[in-house]
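Comments concern the structure below.
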Amino acid sequence: MSQRGGRGFMRGRGGGGGSYGRGRGGRGYSSSSAHHSQGSGRGGEGGGRGGAGGRGRHPPHLKGREIGLWYAKEQVRLYGKKEDKETRPKIELSPSKRAKITELLASLERHSKASIAGAGAINNSDFMKRYRQNVENNVNAAAIRAGLRPGDIAGLVRNAELDESLKNELERKQSSPKYQTMMRFREKLPAYQHKDEFLKLMRENQVIVISGETGCGKTTQCCQLILDEMIQSGNGSLCNIVCTQPRRISAVTVAERVAEERDEQIGRNSVGYSIRLESRVPERDKGTILFCTTGVVFKYLIDDPKLTKYSHVVVDEIHERDVLSDFLITILKDLVNLRPDLKVILMSATLNADKFSNYFRHCSRFNIPGFTFPVTEYFMEDVLLQTRFTFEPNERLQRPWRGKNPRKGEDQEFKRMLESHVRKLERDKTYPRHVLNELIKPEAEELNLDLITSLLLHICETDRDNGAILIFVPGWDQISKLNTQLQSCGKFPGHRTLIIPLHSMMPTVNQKEVFNRPPGGRRKIIIATNIAETSITIDDIVYVIDAGRIKITNFDMQRNLETLDTEWVSMANATQRKGRAGRVQAGICYHLYSKARENTFESFKKPEILRKRLEEVVLQIKTLNLGMTGPFLRKLLDPPPSKSVELAVQRLIQLHALDSDENLTPLGFHLSQLPMDPQTGKMILMAGIFGCVDPILSIAASLSFKDPFYIPLGQEKNVDRVRRELADGSKSDHLIIVRAIEGYQRARSHNRERDFCYSNFLSGNTVQLLMNMKKQFAEHLHQMDYMSTAIVEDGEHNVNSDNIGIVKAIICAGLYPNIATVTVKVKMNGSLGLAKIRTREDGKVDLHPKSVNCNENNFESGYLAYFQKMKTSSLFLYDTTMITPFPLIFFGGQLSFRKEKHLGVVSVDQNLEFLMEKDVFDLVQALRKHLDELLEEKITNPGPTCWHELSKEGALMRAIIELITAEYKEMLGEGGSGDSDSDDD
DNA sequence: GGGCCATTT
């Protein structure tokens, strides 16, 4: 086989001009073949191979622009002026290859005639019947395990003997000295002090909302109070409490804390936790408290929709309004009718507790007063007064800062509010004139790092106790700039201050120094994103400086795009930030915005369900049999707009996960079982079928969790370098992850993994989690019968793992239709211009600077598959892999053929186009049809792939793999075509 | 020419 793009410049021309510079001469697929615009039109396709014929080299005496002009003239001489701006790659098959495929197709026809009628075609409704039966069986099996008859209304079954022994055990425990010491502490917590009222409400109501600020002990105490009362009243065998937390770390720490208070070992007695890939559930199965992440409860719901194992469900931190907790309380709202014995406790911050109570038909509310130290609040006017800071006029100021979608006239409206606020301060003589002069300047509305520096100096001068300072800024950029400014201004020398940047991508998030008091009596200054608002808690903070901004993802339904915007914080954010100063002593919070600005703040951050794509939510609704998505989602506390639901359903239909009636297809059924988004799910199913499980599971793990790379401040370029080395010319961000995990494992076998992580900017924790996720994914594939074992490295399932062409093809199969095209103009002087990236829906997009393909302009193939696309300062593709034509033809969308003058043109989904003769197309299309049938059969009736070349499946798979492999090798110039009979045309 | 934060038997 050979493919001849055959036009344009060659890589490596002119003595290593290209980054690859292998100097392959005219062999194979030229780098321009896919989408490099002809531009000044160098090269061209002679009759011979790859543009070698007909095209001359420019005379050696020419320089710079003259070279380009020479090629331009040459282009005109060979092809005439405007014609032949062909940029579509041409796909050809050698005669021997054609003969092979023709023979294969004939044998496949014989196979299908010989096999039972209907094999290969799927019958959706049969599948769905089986699948619904399975769901039913699971439910009944769970009921039987819980000691119920199938169909019974659930509930725990009393065991009088156990009631007695649980009661005795608790009494014994209450006399232990350790327990009593802990009890003296517990008794001081507000939640414990309101014990009787709380328990009375619990007895009298099925659903209650508990509100209270951090530090009141509601999470640790309420579950214990319920359990102890149940046990003491002789009902211990009827009590299992599950308490959900939004984050893994809080599920574990709360469980550990409660176990300690009960003088127990975690997972040994009444208290345990369960988070993904890590659980220590209580050994006994009655009289327990289980802390788990919300996602874990969702998995319980699949097998046990009525949560029959539990008597109490406690949903904590519901005020955070994450998708899962919103979703869960909607399910619970229906479940309480089916389970009159089930008690539901919703826990929220005080501010919006009423909203939840109203949602549950005005259920009872109980507020527990807070227990924190007082925090003095200052606003911009006070900061200006204390620092005497003056704003430099900023010519380039776009306008006072404002929200993302400003209503018409919002700026003017705010200006009037600010002016009236200033007039009032003037009348009241609260602040001197110079402060008001500054406050009214538009510059006062901008995030000003000089002001922060000035305020820090003010704090350092007035406070001699070196209290720790926490600064909230919106993102990486501001952390970086402020850090540089503080380090270089000379006023915060290392022997007096310790400055720690804190961001999820910086290694400091896992360092103890963040929590400890710095040695030598120095002052700790932490510059953080909102990671320090909930995820990381630093106890010794005395001062908080709140810049008042937050970066937040939104979903733009009109443009079908995810965006990342900087916005003013909500009141809830501001309160939370302020509270960070009062954890162990009285504190001070400086808000870097005026009281007037604060008046424009929303009360709460927009619920996550209104800010996200809904594909996974829709699949979950289907898995849990909750009916049509539209009606179900309208039951939510804040229903997402129907447009957003439609977009999700449409995309799932496009992925063949749902049929047009919104039923799960067999593929959709598998995807809904997998803990990842549908496209990544599709990728791992295909990896199972195509025998490249290990590398693809690495990619899937990182796409569904996070990138394992740290980026230490100032090391950005070094991280880029390491990533380029790991990519090793593959032009793939996804393969970087594969190589990183492989490298880690190799290093670990020599006990060198720490060094490996250090020199490659990897987070060892994240890599280990990714490896555990791979194991979990392999277990899923095994359970679904896509693998015969659950071993990631199993040879049978990795026959193609070292074949980069196939691994990339499977990346493409999963990520499709997320495909961008690349064009590179050839400049007059013969050098390459910048790569221009486009997608069908968005037009021009940019590659994110973190991508290894950013700044690349020498692409052997003009297609990039991507996973994440987000609009920030520009519309970015965050992660890309260069893809060759055959994977798009075999795993992309609908193929169609047309004649364009004398050329045959094949298009994929009426979008991506390739040149192909009709007879070649017929062969390719026939192969594709057989592949589609095979895949559908594999999806409906999974089983390990049979690679034997005499089987229908084996022969077809081998043929397709051979085509993709040969194409890839030829393009990348790795050891020729890898095909012994390729040179016969 | 530049990266908010979480999370799944």
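Keep in mind that the numbers below use all heavy atoms, side chains included, and drop hydrogens, waters and symmetry copies. Every chain is numbered from 1 and lettered A, B, ... according to where its sequence line falls, protein lines coming before strand lines.
Across all strands, A:Leu564 comes closer than 4.0 Å to base atoms (heavy-atom distances). Note on A:Lys605: nothing from the nucleic acid sits closer than 4.0 angstrom, heavy atoms only. A:Glu533 comes within contact range of no nucleotide atom at all, as no heavy-atom separation falls under 4.0 Å. Residue A:Met676 is classed as a base contact, given a heavy-atom separation below 4.0 Å to a base.
When the side-chain nitrogen and oxygen atoms of A:Ser873 are compared with OP1 and OP2 of B:dG1, none of them lie within a distance under 4.0 Å. Listed pair A:Gln776 / B:dT8 fails the phosphate criterion, with no side-chain N or O lying under 4.0 Å from OP1 or OP2. Neither OP1 nor OP2 of B:dT7 sits under 4.0 Å from any side-chain N or O of A:Arg247. Remark: A:His780 is not in phosphate contact with B:dT8, judged by side-chain N or O atoms under 4.0 Å from OP1 or OP2. Regarding contacts with the backbone of B:dG3, every side-chain N or O of A:His503 stays at 4.0 angstrom or more from both OP1 and OP2. For A:Thr872, a side-chain nitrogen or oxygen approaches OP1 or OP2 of B:dG3 to under 4.0 Å. Not one side-chain nitrogen or oxygen of A:Thr293 sits closer than 4.0 Å to the OP1 or OP2 atom of B:dT7. Contact annotation: A:Ser504 side-chain N/O to B:dC5 OP1/OP2 distance is under 4.0 Å. Phosphate contact (OP1/OP2 of B:dC4, side-chain N/O of A:Arg549, threshold under 4.0 Å): absent.
Applying the salt bridge (Lys or Arg N to Asp or Glu O under 4.0 Å) test to pairs two or more places apart or on separate chains, those with a residue in residues 762-779 of chain A are A:Asp694-A:Lys774.
For A:Met505, whose side chain is taken as the heavy atoms from C-beta onward, the closest listed nucleotide among B:dT7, B:dG3, B:dT9 is B:dG3. Closest approach to the A:Pro849 side chain among B:dA6, B:dC4, B:dG2 is made by B:dG2 (side chain taken as heavy atoms from C-beta onward). Considering only the side chain of A:Asn855, B:dG1 comes nearest among B:dC4, B:dT9, B:dG1. Across B:dT7, B:dA6, B:dC5, the shortest atom-to-atom separation from the side chain of A:Thr529 is found for B:dC5. The nucleotide whose nearest atom lies closest to any side-chain atom of A:Trp476 is, among B:dC4, B:dT8, B:dG2, B:dC4. Checking B:dA6, B:dT9, B:dC4 against the side-chain heavy atoms of A:Asn530 singles out B:dC4 as nearest. Closest approach to the A:Ile531 side chain among B:dT8, B:dG1, B:dA6 is made by B:dA6 (side chain taken as heavy atoms from C-beta onward).
Below the 3.5 angstrom threshold, one finds a donor paired with an acceptor across the side chain of A:Lys717 and the base of B:dG2.
Residues of residues 703-716 of chain A having a heavy atom closer than 4.0 Å to DNA chain B, listed by number: A:Ser704, A:Phe705, A:Ile711, A:Glu716.
Cation-pi contact between A:Arg321 and A:Phe604: absent, since separation from the ring centre below 6.0 Å together with deviation from the ring axis within 45° is not met.
Between A:Gly475 and A:Met773, the residue anchored closer to the 5' end of DNA chain B is A:Gly475, taking for each the nucleotide with the nearest heavy atom.
Contact record, A:Pro474 with A:Thr566: CB-CG2, 4.0 Å, taken as the closest heavy-atom pair.
With hydrogens and angles disregarded, no donor-acceptor distance shorter than 3.5 Å links the side chain of A:Ser480 to the backbone of A:Trp476.
Of the residues A:Glu616, A:Glu608, A:Glu615, the one that meets the salt bridge (charged side-chain N to carboxylate O under 4.0 Å, His left out) test with A:Lys612 is A:Glu608.
For A:Tyr866 and A:Phe876, the gap between ring centers reaches or exceeds 6.0 Å. Ring pair A:His734/A:Phe867: centre-to-centre distance not below 6.0 Å.
Spacing between atom OH of A:Tyr878 and atom P of B:dG1 amounts to 16 Å, rounded to whole angstrom units.
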Under 3.5 Å, which donor-acceptor pairs do the side chains of residues 531-538 of chain A form with other protein atoms, sequence neighbours left out?
{"unit_1": "A:Glu533", "atom_1": "OE1", "unit_2": "A:Asn573", "atom_2": "ND2", "d": "2.8"}
{"unit_1": "A:Glu533", "atom_1": "OE2", "unit_2": "A:Arg577", "atom_2": "NE", "d": "2.7"}
{"unit_1": "A:Glu533", "atom_1": "OE2", "unit_2": "A:Arg577", "atom_2": "NH2", "d": "3.3"}
{"unit_1": "A:Thr537", "atom_1": "OG1", "unit_2": "A:Arg580", "atom_2": "NH1", "d": "2.8"}

